Amino acid sequence: MTTARDIMTPGAECIGADESVLLAARKMTELGVGALPICGTDNKLKGMLTDRDIVVKVLGKGKDPETTTAGELAQGEAVTIGADDDAEEIMRTMTGHKVRRLPVIDGHDLVGVVAQADVARSLPDPQVGDLLEALSTD
């Protein structure tokens with residue numbers, strides 16, 4: 001059985017909820033990623049911040065990325081997956097919540113991120129098509 005731990009990108013770096021969106025954008029650029037987990041001062045996961053969030057919710061609305069915090073963009077409870085959950089469960093979670101990236105949790109610790117592409121590489125072709133279709137429809 002292929003688990004989240006097997007296919008995730010390990011060692012995900014967080015952006016602090018009180019840190020600026022500008023810092024988040026710079027961190028994304030340095031790391032070559034399109035999303036960062038948002039972590040609070042209590043070290044708990046608050047959500048995910050994507051490059052699209054920065055463009056649409058900050059720049060597109062005329063907000064200042066230097067004064068807007070990552071935490072302002074966190075929406076509700078973060079959708080996560082357990083490190084030992086299998087690829088099928090990851091796919092169900094992604095499609096059910098319409099998310100392309102899932103923080104991977106081991107106990108209470110963030111240990112990585114699974115992206116849509118990671119899941120697609122681990123599933124048979126027909127299921128990959130189902131995943132892509134589910135995440136592409138509004």
Side-chain angles (χ1 to χ4, degrees):
M1 169 180 77
T2 302
T3 66
R5 189 183 313 277
D6 298 327
I7 62 173
M8 72 182 186
T9 301
E13 282 198 37
C14 285
I15 187 72
D18 57 350
E19 293 182 297
S20 76
V21 169
L22 181 60
L23 179 62
R26 289 181 176 150
K27 198 176 229 188
M28 284 181 194
T29 301
E30 289 169 17
L31 297 171
V33 298
L36 290 172
I38 303 169
C39 296
T41 53
D42 57 1
N43 234 10
K44 290 189 177 178
L45 187 65
K46 302 297 182 192
M48 288 290 285
L49 176 66
T50 67
D51 48 7
R52 187 174 192 285
D53 291 334
I54 293 170
V55 171
V56 174
K57 296 175 183 175
V58 179
L59 301 177
K61 296 206 178 196
K63 293 182 178 180
D64 181 359
E66 202 163 359
T67 59
T68 304
T69 65
E72 291 175 51
L73 302 180
Q75 299 177 344
E77 192 172 322
V79 178
T80 63
I81 197 77
D84 296 319
D85 288 343
D86 65 18
E88 296 286 333
E89 180 61 26
I90 297 166
M91 189 172 109
R92 278 192 296 275
T93 303
M94 283 183 161
T95 56
H97 292 277
K98 297 263 190 196
V99 295
R100 297 171 194 268
R101 299 170 187 96
L102 284 172
V104 180
I105 305 296
D106 188 2
H108 296 288
D109 299 326
L110 176 68
V111 294
V113 173
V114 171
Q116 174 183 336
D118 300 323
V119 179
R121 283 190 293 270
S122 69
L123 293 174
D125 288 344
Q127 290 176 306
V128 171
D130 292 344
L131 175 64
L132 294 176
E133 183 179 344
L135 293 178
S136 297
T137 58
D138 288 330

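Quick note: residue numbers are just sequence positions, from 1. The figures here come from the full heavy-atom set of this structure, side chains too, leaving out hydrogens, waters and symmetry mates. Everything numeric here is computed off the predicted structure, so don't read it as measured data.
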Seminar exercise, completed: Distance col, row Thr80:OG1 vs Met48:CE, nearest 0.5 angstrom, shows 11.0 Å
Exercise. Do Met8 and Met94 belong together in a cluster built from hydrophobic side chains that touch within less than 4.5 Å?
Worked result: yes
Exercise. For Asp64 and Glu66, which heavy atoms make the closest approach, and how far apart are they?
Worked result: OD1-N, 2.9 Å
Exercise. Which pairs pass side chain to side chain donor-acceptor pair (under 3.5 Å) with one or both residues in residues 103-114, sequence neighbours excluded?
Worked result: Arg5-Asp106
Seminar exercise, completed: The remaining residues in the hydrophobic cluster of Leu45, counting side-chain heavy-atom contacts under 4.5 Å among Ile, Leu, Val, Met, Phe, Trp and Tyr, are Ile105, Leu110
Problem set entry | N/O donor-acceptor pair under 3.5 Å between Lys27 side chain and Val33 backbone | no
For this session: Going by the side-chain contact (heavy atoms from CB on, under 4.5 Å) test, name the single residue among Val55, Val56, Leu49 that passes it with Asp53.
Result: Leu49
Exercise. From Met91 CE over to Asp85 CG, what is the distance, rounded to the nearest 0.5 angstrom?
Worked result: 14.5 Å
Exercise. Out of curiosity, Leu36 CG to Leu23 CG, how far, rounded to the nearest 0.5 Å?
Worked result: 9.0 Å
Problem set entry | Atom pair CD1/NZ of Ile15 and Lys46 - distance to nearest 0.5 Å | 15.0 Å
Seminar exercise, completed: In short, Gly40 meets Ala17 closest at the heavy-atom pair CA-CB, 4.2 Å
Exercise. To the nearest 0.5 Å, how far apart are CG in Leu73 and CD1 in Ile54?
Worked result: 8.0 Å
Problem set entry | Smallest separation among heavy atoms of Gly16 and Ala70, with atom names | O-CB, 3.6 Å
Exercise. So do Lys57 and Val21 actually touch side chain to side chain, heavy atoms under 4.5 Å?
Worked result: no
Problem set entry | Any residue meeting side-chain contact (heavy atoms from CB on, under 4.5 Å) with Asp51, in chain and number order, not counting sequence neighbours | Met28
Problem set entry | Shortest non-hydrogen contact between Thr3 and Asp84, atoms and distance | CG2-O, 3.7 Å
For this session: Check the hydrophobic clustering (I, L, V, M, F, W, Y; side-chain heavy atoms under 4.5 Å; chains of links allowed) and say if Ile81 and Val119 are grouped together.
Result: yes
For this session: Report whether Leu22 and Val58 are members of the same hydrophobic cluster (ILVMFWY, side-chain heavy atoms less than 4.5 Å apart, transitive linking).
Result: no
Exercise. Among the clusters formed by ILVMFWY side chains lying less than 4.5 Å apart, do Val79 and Val104 turn up in the same one?
Worked result: yes
Problem set entry | Minimum-distance pair of heavy atoms, taken over all atoms of Pro65 and Lys63 | CD-O, 3.3 Å
Exercise. To the nearest 0.5 Å, what is the distance between CG (Asp118) and OG1 (Thr9)?
Worked result: 4.5 Å
Problem set entry | Gly82 versus Ala4, closest heavy-atom pair with distance | O-CB, 3.5 Å
